[in-house]
There are 2 protein chains.
Amino acid sequence: MKDLLPAPADYRLEGRVWVQGPHDRFLGIGRLELLAQIQATGSISRAAAAMGMSYKRAWDLVHSMNTQALAPLVATQTGGKSGGGALLTSAGSQAVADFQGVQTRFQAFLAEETRRLAE
Amino acid sequence: MKDLLPAPADYRLEGRVWVQGPHDRFLGIGRLELLAQIQATGSISRAAAAMGMSYKRAWDLVHSMNTQALAPLVATQTGGKSGGGALLTSAGSQAVADFQGVQTRFQAFLAEETRRLAE
DNA sequence: AAGCGTTATGTTTGTGAAAATATAACCTTC
DNA sequence: GAAGGTTATATTTTCACAAACATAACGCTT
């Protein structure tokens, strides 16, 4: 592409990847970050706030993941001390770790291809 | 992920990649197919029809690519024999070839990562 | 000069996803 | 038993983007 573009350094390969199930999306970068925020904050509502996302959307995403997986990724509690909360199950932590690996390798792919664009 | 999902074989990594410029998207899978259809049909309107896309949208995409590239990827002619038409410039053919290479390597990446998901 | 198929371009309408809004239920704490 | 903060869920509203619609211009052909 180098001789196709006026300023090749300003162009790069970007992209997104996600794990797709038979019916719905299972995991993507947004859901990954949501899981990480739930882990960090201990609640869906605080995770949503931290991401500038509505609570409903966050809950829907959690629901989608929990119902698709063999075991829930997020365990929730309604009521109780400080109103309740949410935390990652071991399945949840494993999903986070696994998909972070995918993301890391994908970023490497994009960087390598961006390098190629300029040659 | 293998022990996270009920039927790991039904889940795969999917994704999209595109060349992003400072202001607009430059090339993606849709634009690539559009260029290929222009090459095959000799006109923007026939290419759009072949893709089930409105002519205006196709023209806008061509315009976006032509104005971002150093030289136009698509040469057009208004009026004349059979009303006019469009064809790929050499820059256009090179862009198609280059991005097809990116796409091929990306599909290989997705396949490899999908294989990984099941292990 | 009238017609045809195309490029070129502006304006209006639809539509689907996200956000906003609204309630209810839950359980600990005070 | 009232309050507080959370999960859980339905309904309504917004908004960005694509589709649809509408016109004009262009230059061969007949």
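The chains referred to below are lettered A, B, ... by the order of the sequence lines, with proteins before strands, and numbering in each begins at 1.
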Under 4.0 Å protein heavy-atom contacts per nucleotide of nucleotides 24-30 of chain D, with B for base, S for backbone only and - for none = --BBSS-
ask   = Between A:F109 and B:F109, what is the ring plane arrangement, given parallel below 30°, perpendicular above 60°, and tilted in between?
value = parallel
ask   = Under 3.5 Å, side chain of A:Q68 to main-chain N/O of A:R25, donor-acceptor pair present?
value = yes
ask   = If we only count heavy atoms from C-beta on, is the B:M65 to B:V74 side-chain gap below 4.5 Å?
value = no
query = Can you check whether B:S64's main-chain N or O pairs, donor with acceptor, with B:R31's side chain at less than 3.5 Å?
reply = no
ask   = Heavy-atom distance under 4.5 Å between the side chains of A:V19 and B:L13, does that happen here?
value = yes
query = Does A:S45 have a side-chain nitrogen or oxygen under 4.0 Å from the phosphate oxygens OP1 or OP2 of D:dT7?
reply = yes
task = Spell out protein contact along nucleotides 9-22 of chain D as letters: B when the base is contacted, S when just the sugar-phosphate is, - when no protein heavy atom is under 4.0 Å; keep the 5' to 3' order.
result = BBB-------SB--
task = Using a 4.5 Å cut-off on heavy atoms from C-beta on, say whether the side chain of B:I29 contacts that of B:E33.
result = no
request  = Give a yes or no on whether the backbone of A:L117 and the side-chain of B:D98 come within a donor-acceptor separation of less than 3.5 Å.
outcome  = no
ask   = Taking DNA chain D as the partner, which of residues 21-40 of chain A come within under 4.0 angstrom of it by heavy atom?
value = none
message = Show me the pairs that pass salt bridge (Lys or Arg N to Asp or Glu O under 4.0 Å) and involve residues 50-74 of chain B, at least two apart or across chains.
response = B:K56-B:D60
request  = Please examine the side chains of B:L73 and B:L88, heavy atoms only from C-beta on, and report whether any two atoms are closer than 4.5 Å.
outcome  = no
query = Who are the salt bridge (Lys or Arg N to Asp or Glu O under 4.0 Å) partners of A:R105, not counting sequence neighbours?
reply = B:E113
request  = Check every nucleotide of DNA chain C for an atom under 4.0 Å from a heavy-atom of chain A, then give the first and the last such nucleotide from 5' to 3'.
outcome  = C:dA18 to C:dT28
query = With no hydrogens and no angle check, is any side-chain donor or acceptor of B:S43 less than 3.5 Å from a backbone partner on B:A86?
reply = no
message = Within the 4.5 Å heavy-atom criterion, are A:R12 and A:L110 side-chain neighbours or not?
response = no
